[in-house]
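One structure below.
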Amino acid sequence: MADFKLSAQLVGHDADVRHVCFPAPDLILSAARDCTVRAWRRTATSPPAFEPSITTQGSEFYNSLAYLPPSPDYPDGLVVSAGTDTIIDVRRTTSVPSDNAERLLLGHARNVCALAVVPGAQYIVSGSWDKTARIWSVHKWETEAILAGHEEAVWDVLPLDQTTIVTASADKNIRIYDLRNAVAGEVQPRSTLYTSDVIRALCQVPTGHPSGADFASASNDGVIRLWKLSGQQVGELHGHESFIYSLTALPSGELVSSGEDRTARVWRGSDCIQTITHPAISVWSVSVCSETGDIVTGASDGVVRVFSRSPDRLASPDILAHFDESVKSSSIPQQQIGGINKEKLPGPEFLKNKSGTKEGQIQMIREDNGSITAHQWSIGQQQWINVGTVVDAVGSSGRKVEYNGQSYDYVFDVAIEEGQPSLKLPYNLSENPYTRAQKFIDDNELSQNFLDQVAQFIITNTQGATIGQGAGDSGGPDPYGTESRYRPGDSHGTSRARVLPQREYLDITAAKYEAIFKKILSVNSALVAAGRKDYSLNPPAQEVLATLKRRLEASQVVVDEAAISLIVMMCTQWDYSDRLAPLDLLRCVATSPTTAKFKSSNFGSPVQVAISAALDGVPLGGEPNEHYAMMAARTITNLFKSTEGRKLLAQPSEGLQAVAFIDRVLGIGGQPALGAFNRNLLVALTTAMVNFAVLASREPGSVSTNVQVRLLTALARILQKQTEGEVIFRALVAAGTLITVIGKTAPEAKSLSSPIKSSKDRSSESRVKEIADECLSLLS
């Protein structure tokens with residue numbers, strides 16, 4: 001059978017293409033980190049050409065795609081997409097960004113990284129960082145069941161038939177579910193397969209495969225494993241040299257995989273029969289057109305590529321030559337290859353005299369000019385193919401590189417084991433790697449769990465250069481307790497700088513402005529249509545909001561009291577069910593001194609407005625919305641960013657209202673807790689508590705003893721009941737900082753000893769255990 005060759009290159013995305021889908025010969029779908037989903041329609045067949053259109057555009061990354069086939073209601077089918085905003089967007093393939101989605105599916109609490117359509121197209125299944133997979137009814141457009149039992153992110157989902165779902169998780173386990181076993185909307189796994197590494201991808205193995213396997217999994221260790229549904233492993237496929245991100249099956253019965261080693265690989269039986277090297281580090285996704293057998297890939301260079309075995313569907317000779325040349329001229333970071341002894345490498349004559357032993361084998365060659373090139377063996381072509389030149393890291397050569405208008409020693413494409421890799425990470429040798437890693441996480445809205453991984457990536461890839469802050473640096477300890485990092489050249493890495501007391505205020509400011517303002521205008525249109533002009537926005541008010549949107553998108557400080565007044569009106573006067581977007585907007589402007597100084601004649605300060613909007617006006621018989629409570633907590637958190645906001649929260653009445661709100665959310669005082677295990681809510685709440693503790697530590701006497709005591713009581717409740725690492729960590733930082741203020745002999749401080757020990761024992765994270773030990777040392 002012929003090798004795959006390039007058929008088309010689809011250029012349009014401005015960032016990594018994270019997922020591709022090939023539902024028909026004339027339609028390709030792609031989702032990318034440029035915050036768009038695109039539909040590519042074929043306009044010519046030989047050579048193939050595709051015309052792009054943007055179907056979905058937001059302000060956060062899209063990471064996953066699925067396609068619902070045509071139906072009487074939707075003759076062109078539906079594109080299903082999701083990403084870091086947690087919302088699953090369902091819309092027509094012919095949509096444009098200004099169109100409303102057919103449905104928005106809400107339920108996941110974190111990044112949605114996997115989507116698939118269950119055979120029969122009556123259900124969609126999704127996987128998320130929130131450690132769940134969900135089954136969604138296409139008829140009711142709501143959650144039908146939750147697939148429980150995962151301990152970490154669900155990286156991939158595979159519906160084998162209408163009742164059998166397989167999931168892959170960062171907890172290194174594969175779980176098999178039978179949807180017929182649902183109880184009260186929840187399904188427990190019927191079996192769990194334990195593996196040695198994080199599983200990133202799954203695919204169904206075609207009937208007749210020599211292994212007899214039912215499905216395949218791919219892991220961070222670069223191995224594809226073949227499984228029976230009984231849990232028996234029946235084979236392994238070796239060839240990839242790094243993480244494998246995607247798996248699919250061809251109509252021919254072969255498998256195709258792609259990963260972090262720049263390649264897509266075709267497997268027949270247990271053998272790799274073709275390696276397709278890309279001029280990009282990460283080949284994130286591979287998909288197959290079941291009708292033609294062609295494949296499509298999405299990569300970190302932002303290009304979607306189609307490959308075909310059919311001579312009729314090959315790209316033009318010029319495009320083929322350009323692709324080959326781009327692969328040949330690729331720069332391969334030396335860190336990706338490992339240590340190279342240049343003196344022992346063979347010269348170019350090796351390529352003429354020696355054949356490779358397997359498909360995809362890499363051979364380093366020392367060229368006559370002293371450079372090092374990488375060559376890959378092709379079984380199909382029976383020759384070595386030049387796949388790039390090995391280069392030193394930018395920083396090690398003394399050259400600077402520009403990124404976003406600034407010069408850096410390094411600009412890395414970061415690969416995170418349990419996160420979203422290949423984001424740009426700029427770094428200067430003078431920086432503390434953990435400080436830069438924290439900024440990278442904040443800028444890209446990643447989980448705090450990635451801090452150590454990103455920092456260690458920096459340390460490893462600066463190859464022993466002198467890094468970190470000098471001894472004279474007065475910036476204080478790392479706010480996340482990571483000063484115990486390994487430093488190249490240290491005789492040991494066991495010493496650990498103290499983290500407590502925390503000295504820096506935190507904020508939660510990342511926002512999806514387009515969605516916020518779109519929702520506000522949608523609600524406003526409904527108010528106008530209903531004749532409720534007293535609370536609707538007239539044209540001048542809408543212009544004020546438009547100006548506010550421009551300022552926020554430009555990261556400019558909000559100074560317009562008219563805009564703040566409008567936000568307060570929407571938060572307090574609109575129907576309770578319509579307040580989420582205004583509350584989200586309130587927390588976005590809360591960092592502004594103008595907001596901190598604003599006082600509503602009816603509702604008081606921004607603290608009082610946020611709390612009232614979240615808790616008051618609840619329909620009879622209902623409970624306050626936990627998402628509204630989260631926005632109120634974020635508003636309180638962000639007020640600490642300005643001097644005026646800190647002065648406001650230092651007022652006894654404001655501080656007491658804030659802690660009374662915290663008590664209400666946690667269920668202290670007899671009422672039921674709101675969102676008892678809602679991670680986003682609890683992170684917002686504990687971040688506000690950290691900021692109160694920082695204020696008490698930095699400005700003695702600014703936070704009343706009563707407020708401190710009530711905060712400690714609330715923190716004890718969190719430490720006793722919560723299991724989520726980030727929530728516990730922030731609670732410990734707040735508790736430890738308050739202990740340094742109130743004193744270890746205070747009864748309230750002493751009473752924290754047991755909750756701190758309990759939280760330490762429940763957590764497996766080293767940073768949680770370390771900060772817990774530091775808190776306990778303050779009490780000894």
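Scope of the values below: all heavy atoms of this structure, side chains included, with no hydrogens, waters or symmetry mates.
Nearest heavy-atom pair across Leu527 and Ser536 is CB-CB, 4.0 Å. Considering every non-hydrogen atom in both Pro593 and Glu644, the closest pair reads CB-OE1, 3.3 Å. Closest approach of Cys35 and Ser59 over heavy atoms only: SG-C, 3.5 Å. Residues Ala614 and Pro624 come closest through the heavy atom pair O-CB, 3.8 Å. The minimum heavy-atom distance between Phe661 and Ala633, with the atom names listed, is CE2-N, 4.0 Å. Among all heavy-atom pairs drawn from Val707 and Gly655, the shortest one is CG2-C, 3.9 Å.
Atoms CZ and CG, from Phe692 and Leu711 in turn, are 6.5 Å apart once rounded to the nearest 0.5 Å. To the nearest 0.5 Å, the span separating CZ on Arg551 from OG on Ser592 amounts to 9.0 Å. Summarising the geometry, atom SG belonging to Cys588 is positioned 11.0 Å from atom CG belonging to Leu583; distances are rounded to the nearest 0.5 Å. Leu585 contributes atom CG, which lies 5.5 Å from atom CG of Leu548 (distance to the nearest 0.5 angstrom).
The backbone N or O of Ala109 lies less than 3.5 Å from a partner atom in the side chain of Asn680, making a donor-acceptor pair. For the pair Ser128 (side chain) and Arg110 (backbone), a donor-acceptor distance under 3.5 Å is present. Here the side chain of Asn111 pairs a donor or acceptor atom with the backbone of Thr84 at under 3.5 angstrom. Looking at Glu724, its side chain does come within 3.5 Å of a backbone N or O of Val727 through a donor-acceptor pair. Without hydrogens or angle criteria, Gln542 side chain to Leu537 main chain gives a donor-acceptor distance under 3.5 Å. Judged by distance alone, with hydrogens and angles left aside, the side-chain atoms of Thr687 form a donor-acceptor pair with the main-chain N or O of Val683 at under 3.5 Å. Checked by atom type and distance alone, the side chain of Gln608 pairs as donor or acceptor with a backbone atom of Ser605 at under 3.5 Å. Looking at Asn638, its side chain never comes within 3.5 Å of a backbone N or O of Val589 through a donor-acceptor pair. Not a single donor-acceptor pair under 3.5 Å links the side chain of Asp26 to the backbone N or O of Arg42. In terms of modelled atom types and a separation under 3.5 Å, the side chain of Asp85 and the main chain of Ile87 share a donor-acceptor contact.
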Verdict with supporting geometry, Leu681 and Val665, side-chain contact (heavy atoms from CB on, under 4.5 Å): CA-CA 9 Å; Leu681 169 56; Val665 173; 3.8 Å; yes

Mind running side-chain contact (heavy atoms from CB on, under 4.5 Å) on Val690 and Gln502 for me, showing each step along the way? CA-CA 8 Å; Val690 167; Gln502 164 82 5; 4.0 Å; yes

Test side-chain contact (heavy atoms from CB on, under 4.5 Å) applied to Thr686 and Ile718, step by step: CA-CA 9 Å; Thr686 51; Ile718 291 171; 3.7 Å; yes

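Screening residues 628-641 for salt bridge (charged side-chain N to carboxylate O under 4.0 Å, His left out), with sequence neighbours left out, gives Asp507-Lys641. The list of salt bridge (charged side-chain N to carboxylate O under 4.0 Å, His left out) pairs with a residue in residues 614-631, not counting sequence neighbours, reads Glu623-Arg664. Identified under the salt bridge (charged side-chain N to carboxylate O under 4.0 Å, His left out) test for residues 651-663, with sequence neighbours left out: Asp663-Arg710. Residue pairs satisfying the ring-ring contact (aromatic ring centres under 6.0 Å, His included) criterion with at least one member in residues 544-590, sequence neighbours excluded, are listed as follows: Tyr576-Tyr628. Sorted by first and then second residue, the salt bridge (charged side-chain N to carboxylate O under 4.0 Å, His left out) pairs with a member in residues 563-591 read Arg532-Asp575, Asp584-Arg587; sequence neighbours excluded.
Using a 4.5 Å heavy-atom cutoff, the side chains of Leu506 and Arg730 are in contact. The side-chain heavy atoms of Asp89 and Val80, taken from C-beta on, include no pair separated by under 4.5 Å. Between Pro606 and Leu639 the shortest side-chain heavy-atom distance falls below 4.5 Å. Here the side chains of His108 and Thr132 are in contact, with some heavy-atom distance below 4.5 Å. Between Tyr123 and Glu144 the shortest side-chain heavy-atom distance falls below 4.5 Å. At a threshold of 4.5 Å between non-hydrogen side-chain atoms, the residues Glu726 and Arg679 count as touching. Ser126 has its side chain within reach of Ile88: a pair of non-hydrogen atoms, C-beta onward, lies under 4.5 Å apart. Taking the side chain as every heavy atom from C-beta outward, Leu674 and Leu615 approach each other to under 4.5 Å.
With hydrogens and angles left out, the side-chain atoms of Trp40 and Ser30 include a donor and acceptor closer than 3.5 Å. In this structure, a donor-acceptor pair under 3.5 Å is present between the side chains of Thr36 and Asp34. With 3.5 Å as the limit, one finds a donor-acceptor pair spanning the side chains of Thr93 and Arg41. Remark: the Arg134 side chain and the Thr143 side chain contain an N/O donor-acceptor pair separated by less than 3.5 Å.
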Throw together a table of side-chain donor-acceptor distances under 3.5 angstrom for residues 554-573, partners on residues two or more places apart or in other chains.
{"from": "Asp560", "atom 1": "OD1", "to": "Ala562", "atom 2": "N", "distance (Å)": "2.9"}
{"from": "Thr572", "atom 1": "OG1", "to": "Val568", "atom 2": "O", "distance (Å)": "2.7"}
{"from": "Gln573", "atom 1": "OE1", "to": "Tyr535", "atom 2": "OH", "distance (Å)": "3.1"}

Which donor-acceptor pairs under 3.5 Å do side chains of residues 99-106 form with protein atoms, sequence neighbours excluded?
{"from": "Asp99", "atom 1": "OD2", "to": "Val96", "atom 2": "N", "distance (Å)": "3.0"}
{"from": "Glu102", "atom 1": "OE1", "to": "Tyr74", "atom 2": "OH", "distance (Å)": "3.2"}
{"from": "Glu102", "atom 1": "OE2", "to": "Arg92", "atom 2": "NE", "distance (Å)": "3.1"}

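Under the side chain to side chain donor-acceptor pair (under 3.5 Å) criterion, Asn691 pairs with no residue at all, not counting sequence neighbours. The ring pair (Phe, Tyr, Trp, His ring centres under 6.0 Å) search around Phe598 returns none, not counting sequence neighbours. In terms of the side chain to side chain donor-acceptor pair (under 3.5 Å) criterion, Ser53 has no residue partners (sequence neighbours excluded). With sequence neighbours excluded, no residue forms a salt bridge (charged side-chain N to carboxylate O under 4.0 Å, His left out) with Asp130. By the ring pair (Phe, Tyr, Trp, His ring centres under 6.0 Å) test, Tyr62 is found to be paired with no residue, residues two or more places apart in sequence or in another chain being considered.
Using a cut-off of 4.0 Å between Lys/Arg side-chain N and Asp/Glu carboxylate O, Lys512 and Glu60 are scored as not salt-bridged. Under the 4.0 Å criterion applied to side-chain N and carboxylate O atoms, Lys549 and Glu543 are not assigned as salt-bridge partners. Salt-bridge check for Lys518 with Glu514: failed, with every basic side-chain N at 4.0 Å or more from each acidic carboxylate O.
Ring pair Tyr67/Phe22: centre-to-centre distance not below 6.0 Å.
The only member of Leu65, Val20, Thr55, Thr56 that meets side chain to side chain contact (heavy atoms under 4.5 Å, CB included) when paired with Leu29 is Leu65.
Figure legend: cation-pi geometry between Arg646 and Phe640 absent, as NZ or CZ is not positioned both under 6.0 Å from the six-membered ring centre and within 45° of its axis.
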